[in-house]
Each structure stands twice: as structure tokens, then as C-alpha cells.
Amino acid sequence: MQKKDFLSGLNSEQLKAVTHIDGSLLVLAGAGSGKTKVLTTRMAWLIQNYQLGIGEILAVTFTNKAANEMLYRVSSMLNADSRMMWVGTFHSIALRMLRAHYEEAGLIKNFQIIDSNEQQSLIKRLIKQRNLDEDKYPPRELQNFINYQKEHALRANQLSPDNLRTKYWVELYAIYEEVCNRDGLVDFTELLLRCYELLSFHDGILNRYRHQFKHILVDEFQDTNQLQYKWLQLLSGIKSTVFAVGDDDQSIYSFRGAKVGNMRAFMQDFTAPEPLLLEQNYRSTQTILAAANAIIDNNGDRIGKNLWTSQKSNDKIRLYEGYTEEDEAYFVVDEIKSLHNNDGVELSDIAILYRSNAQSRVFEQHLYNRGIAYKVYGGLRFFDRMEIKRVLAYLRLILNPNDNEAYLRVVNFPARGIGAKSIENLLLVADENSVSFVEAVNFLPEKSKKNILKFNNLIKTMQEDIKVLNLPETISYVIETSGLREFFENEKDGEDRIENLNELVTAVTGFLPENPSDVLAEFLAHSVLESLDHQAAKNEQSIQLMTVHAAKGLEFKVVFVVGLEDGLFPHDNSLNSQNNLEEERRLMYVAITRAKEKLYLLRACSRLLWGKRLSAPLSRFVNEIPAELILNISGMSQIGYSQLDGHSYKDEQYDDTGWVENKTSRVELKNSDVTLKIGDMVSHAKFGRGKILKLFAEGKKMTAEIFFIGIGKKVLDLNIAQLEKAY
DNA sequence: GGCAAGTCTATTTTT
DNA sequence: TAGACTTGCC
């Protein structure tokens, strides 16, 4: 077969990375530096050049999206069957190994994965059962405790508590382990730990994989936690050919256990040479990169790199300082309209990024009011929807009737006359006799058995019936037989739910299991580990709204970073420690490096928070950007300047009026039948279009300070002036 | 099971 | 303050 040339089109650093062969290597890949290209080209190149089987390379990522992207690119480069490849998230790879060796791992064949919500509800139940006060011993804390211990490869019996509190936690951790084992449940962290233990305790299995994987590639290495790091160490062995790609400047998940320190440790533990730097950026303009570099430069603990680009651009970063969050949103929507209508920018090329989910609401409102299509990411995942979870719970019970979590979720849904009391009794006898809930029915007094037995028999019938059905048929069957369809059909707002149920059946039509005899188990695992949502909206023409966290790895022509206020971004809770502040700064770095061409930074001078209107100082991160990179356009609609070029935005703050403190000032006024808000556009018969800057009320007298385009500021008496709302 | 009243909580959350 | 979520009651 003719060899393909994968290497042309790589820059010299990328080439070095792709063709590195002796031992392990850490690649520091800056934002937009062609990280995925390097990873995928390397895989294709290794396979072709060293005649490796496609199963002899292991590539691990953090998201399914990244894994799918890699699979797609590599398989099209090599014309190979992607199912033979070991490319996946840490969790899915661990799952694959556990399925293959479930007995050695001490699991039942049909073990099920539970997500963090289910983990929490299980933990809650255990705390209740031990009669501990939930306020004093919050389930959340125990959940964190358990996950933390697991991330450090510590089982309950390896812990020695030093106070009463940890004594309870350790005790409950042990019970939690016991319950999960009994019911065949595996939480997210358990997947990794179980797999780690499987490899640690079984030399044969470990050696098999060590031998199989000639090369291991890791994406987003800065996000690995302790356990993932140890797992990699174990799996790679002494020969250690781990190719780790990461960017310490984009480490934004330390709050859930990611250790940036793993990057530094890597060089020593994996005897890797100095890291290779990919600093040429192919995404953003010079201006955007200069700002990003200037910001991240304020962080102390960096491995250190500087992004550069051969692109030039005179387009400055635009800063808009709105009066309120309404004003902020109004401006963004205005600007989007103009970008779309006048400059022909596609809506899907525009993103609004914010620090916290709650900020999306105002933008949604404004976008909706003005008829612009938008999509908010990070809402409820498809598989997290209540109706879908119920269907999945039935499926889980079919596979494993001892799955108590699933049992509780549907035993009385739709209602079958099994009330809280009956369930409580069931839990009690199950606990007393150390059996699962299905089995517990035998220990109940004869007269309270009836309905529960009926339910158990329903599951039994289902188990029999689905034997001859394929996956879509099975799901369809379960939706009908369980009574779920009927229930939602009779519910007054059930249409959406019915639609989702139908979609579930459609969605599974294309599901391809690795091993056809395990379709159901594989599908259930897939439903926990993967969300459907992301792929769905690829071609939709709509503005993209998401948190900065969710935006990592993505890029857009135009990016609006909103809510740039100290206290919001950086967030209040992060201002107390240097480490947290530096993580916020990396988050800011991630935010602005998403932009390819145009970057807008926004803030509101005052914001409704905690039920109060608070004045909000400009984010310190904006102050870290050299003034000459920024064009402050806050004044443009208000003061009428067409050019503020060269002005430092620092001179443009609106603290002179003190209007936030002014007792008579208002954010909103009702004038006859219209409600006027600061930031609203109005039109006046004589002065034309204008924007409301301030609103005052003194007794019955109401006045508004309005900036009229081409005229300037006017203070008008609202009882006299004829104002109409305008857009 | 459904509704009303009460309580809690406002940071991010790849799996 | 608002909303999501829980609890309590019929």
C-alpha cells in the first residue's frame, strides 16, 4: 500500500511532536496551536510508519466530544474501522477493561454505572438510615469525602479517622461500598479506581495491556487527577511511551480534583525531556493573543509560554460598560443584529460567554424578545430528563433486579398504590435481612405484599418478553408496558415528555454495541457516560450561550465575554486565595482565546445580585489588558463619541454620578402604561431616538436622563414628555 | 397525587 | 429577591 504523507502542513514544532519516538514526551500546546491535529496525525503516523495495529495505540481524552473528534479524524486518515481503536475518555476506557474482566474486578456481569445525582441520593439514604442529622452531616460533604478518597486510591478500610466526624464518614464510606457492591452499582470515580485496582492486583491482565499498548496518548493532560495519573503510570510501565498534551494555562477544573502539578511531575515520573512548546496560534488575531498573553502573564506558577501568530489585525478589543445587566444585554443583542445583518456573520459563529449559568437569563430574554435564535448549553442533558431516567431505570431493573437505585425510582411510578409507608417498610426489611428491595418482599407480612409483588412480576415479565426484541423495540415495549406513555399522555404538560420518549426510541435505532449480546448493558452505560445534546445542534443557525467552562476547546468568530466585574468574574469565592484567583485568571484566558476575529468585553456598572442592586467594579482582568489593545465603546451610544480610540478605558468609569446610591434614582419606572428601564431605547417626537441613562422619582415627579443620538443628554419630565419605546 | 407553603441558595461540573 | 426544591397537608 502506498504510504500517505501525513506530515506535510505541520510546522516544525508540530512535526517534532508528531514524530517523537524515544520515550515519553510532554507537549505544552497553547490555545489554538493545533493540538488535535498533532494528536491525530501522530496516531496515524505511528500506525503507518511502525506497522502497528490500530488497537496498539491507546488515546485518552476527557470528553466524549474530543474522543469522537479524534476517532473520526484518525479513521478517515487511515480508512480504518474506528471500533477497533482504543480511543475514549478515561471513564469509557476503564469501563471497557472492566467489562472484559468483570470477574477479576469483583463485579457482576451486568454492573451499572450511576451518575453523581444517583450517587448523592444513595448517600442521602444511607445518612438517613444511620439516623444522622443531615444538617450536621451533609450528604454533599460525604459525597465529596468518598470521591476524594477514591481519587487517592483509598478504600474505607485503609482510612483511620482522627475525629468523630471522619469516623462517621469512614463508617458510611464502608457501608456505601458494601451497598454498591451488593447492588452492582459503580459510580464515576469507582470506574477509574476499580480499573486501577484490576491492573494493580492482576499482573497477567496488566502485562497484557502493557504489551498491547505500544503508545499511550493523553489529551488535556492538565486536567488529570491523582488517580488518572497513577493509572497512566501503571499502564505505561517502565518503557513509558506516554505522549501527553496539555496546557497549564487552561487548567480550570482544579475544583474537581484536577492537578496541574501532574504536568511538572510528569517529566520526572515518566523520565521525559523538557516539554515541547506549541506556541504558534492559528486561531486568533494578534490583538486577541496579546491581550491573552498579558493577562496570563500575571499568574505566578506557570511552566511558561507565549502564543504568537502570523496574522495581523487592527481590530481592537471592544469594551462596553453598561449601566445595568439589562443595558449589557441590550448592547450585545444590538451588536449581534448589526454583525449578522450588516456584516453577514452567521449566528452560529457568535458566542456569549459568562462565568455562571444564572447570567444567561437576561440574555435569553433579550434575544427572545428581539427574535434572534439562540441555544443555551449546559442545561439538562437529554438522559437526565426525568422521563428518560424512568425508562432507563426500568431497563436497569430488567438487567439487574437488585439495582436498588433503579427500583426506588420506578417502583411507584407510574403510581401503583405503593406509597411512602410501604416503601419505608420495604427498605427496613431489606436492611434487616441484607437483601435487595426486590428480594425484600418475601419478608413482608402477607397483606402488604400484593402491590409490590405485582411490580416485581411486571419486571419479570419484561425480562422474558424483551428476549426476542431488539433495542428500539425493547425501549418502545418498556415505555408502553410500564405505563409511562399513558401516564404522560394524561399529564397536562406531558407533550414534551412524550416527544422525548419517542426521541429516545429513534435515537437508539443507530446504536451499535461492541458485543451484540450485551446491547442493553452497553446502551445503559452509554446513556450515563455520554450526553446526546451536544451533537444535535451542530448546523443550527443560532447564537451560542454557555459558561466559559463549557466553551473550552471551542472557537467562534465573534465572542462576547460578559459580566466582567470583580465579584462575578473573578468570582467572589475565589478572591480569598491566590490559587483560586489564578484559576479564575486561566478561566479568563480560556474565555478570550475562544475568539477568532472579534472580541467584546462587557460589564454592568450595577447588577441585581442577592436580591439587591449592587454596584460592581470592573474586573481586574480587564485592567490587566494593555490599554492600547482596547477600544472603549461604552460612550458611543450615550455620549455620542464616534471614536474613543486611544482613550484608556480606566478614565471612562461612571462612578461620578453616584447614581447607584442616589435614593431617588430608579432602575425602572412605570409611566402611565409603559414601563421604562435604564438602558431602554425610546423615541421622542422632537429629539428622535435615545437611550435612557437614568431614572428619577420624587413624589409624583418622574424624570429621565436620556441620551438622544446626534443631540446629546436631556433631562425630561416623564409626565410631560411623550416617549415611546423604540428598538 | 397534587397543591400550597416553607426552605434553601445563588460558581464552575468534561465523566 | 427570585427560583428551585422540599415538606406538609388534604
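Since the model is a prediction, treat every value here as computed from it, not as a measurement. Labels below follow one simple rule: chain letters A, B, ... track the order of the sequence lines, proteins then strands, and each chain is numbered from 1.
- As a whole-Å value, the separation of A/D223 CG from B/dT15 C1' is 12 Å.
- Applying a 4.0 Å cut-off to non-hydrogen atoms, none of the residues of residues 93-102 of chain A approaches DNA chain B.
- In this structure, A/R361 reaches the C/dG3 phosphate: one of its side-chain N or O atoms is under 4.0 Å from OP1 or OP2.
- B/dT12 and C/dC5 are spaced 13 Å apart, taking the P atom of each and rounding to whole Å.
- Comment: A/E405 does not engage A/R396 in a salt bridge, judged by the lack of any side-chain N to carboxylate O separation of less than 4.0 angstrom.
- A/D566 meets the salt bridge (charged side-chain N to carboxylate O under 4.0 Å, His left out) test with A/R620; sequence neighbours excluded.
- The side-chain tip of A/R390 points at the ring of A/F413 from less than 6.0 angstrom away and within 45° of straight on.
- In the model, A/Q222 has no side-chain atom that pairs as donor or acceptor with a side-chain atom of A/D248 under 3.5 Å.
- Side-chain polar atoms of A/S254 and A/E583 form a donor-acceptor pair below 3.5 angstrom.
- Residues A/Y176 and A/D187 have side chains that bring a donor and an acceptor to within less than 3.5 angstrom of each other.
- When rounded to the nearest whole Å, the span between CD of A/E583 and P of B/dT13 equals 13 Å.
- Here the P atom of nucleotide B/dT14 and the OH atom of A/Y377 are 14 Å apart, to the nearest Å.
- When the C1' atom of B/dG1 is taken as reference, atom CE of A/M386 falls 13 Å away, rounded to whole Å.
- Annotation: side-chain contact (heavy atoms from CB on, under 4.5 Å) contacts of A/D115 (sequence neighbours excluded): A/N117, A/E118, A/F188, A/D384, A/K389, A/V528.
- The CZ-P distance, from A/F62 to B/dT13, rounds to 16 Å in whole Å.
- Residue A/N225 places none of its side-chain N or O atoms closer than 4.0 Å to OP1 or OP2 of B/dT15.
- In this structure, A/N117 reaches neither bases nor backbone, as no heavy-atom distance under 4.0 Å exists between it and the strands shown.
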List, with names and distances, any nitrogen or oxygen atoms from the protein found under 3.5 Å away from nitrogen or oxygen atoms belonging to nucleotides 8-11 of chain B.
unit_1 : atom_1 : unit_2 : atom_2 : d
B/dT11 : OP2    : A/H571 : NE2    : 3.0
B/dT11 : O2     : A/R355 : NH1    : 3.2
B/dT11 : O2     : A/R355 : NH2    : 2.5

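- Here B/dT14 presents its P atom at 14 Å from CD of A/E220, a figure rounded to the nearest Å.
- Comparing A/F487 and A/T89 by the nucleotide of DNA chain B that holds the closest heavy atom to each, the one mapping nearer the 5' end is A/F487.
- In this structure, the CG atom of A/L192 is 13 Å from the P atom of B/dT15, given to the nearest Å.
- Side-chain nitrogen and oxygen atoms of A/N64 include none within less than 4.0 Å of the OP1 or OP2 phosphate oxygen of B/dT14.
- A/R586 comes within contact range of no nucleotide atom at all, as no heavy-atom separation falls under 4.0 Å.
- Sorted by first and then second residue, the salt bridge (charged side-chain N to carboxylate O under 4.0 Å, His left out) pairs involving residues 220-229 of chain A (not counting sequence neighbours) are A/K35-A/E220, A/E220-A/K552, A/D223-A/K552.
- Between the side-chain ring of A/Y253 and the base of B/dT12, no stacking contact exists by the 5.5 Å and 30° definition.
- Scanning for side-chain contact (heavy atoms from CB on, under 4.5 Å) contacts around A/R140 gives A/Q120, A/Q143, A/N144, with sequence neighbours left out.
- To the nearest angstrom, C1' of C/dT1 lies 15 Å from CZ of A/R607.
- Here C/dT6 is the nucleotide among B/dT15, B/dT12, C/dT6 with the atom lying nearest to any side-chain atom of A/K124.
- For C/dA4 and B/dT11, the P atoms lie 16 Å apart once the distance is rounded to whole Å.
- A/R585 and A/N299 share a side-chain donor-acceptor pair at under 3.5 Å.
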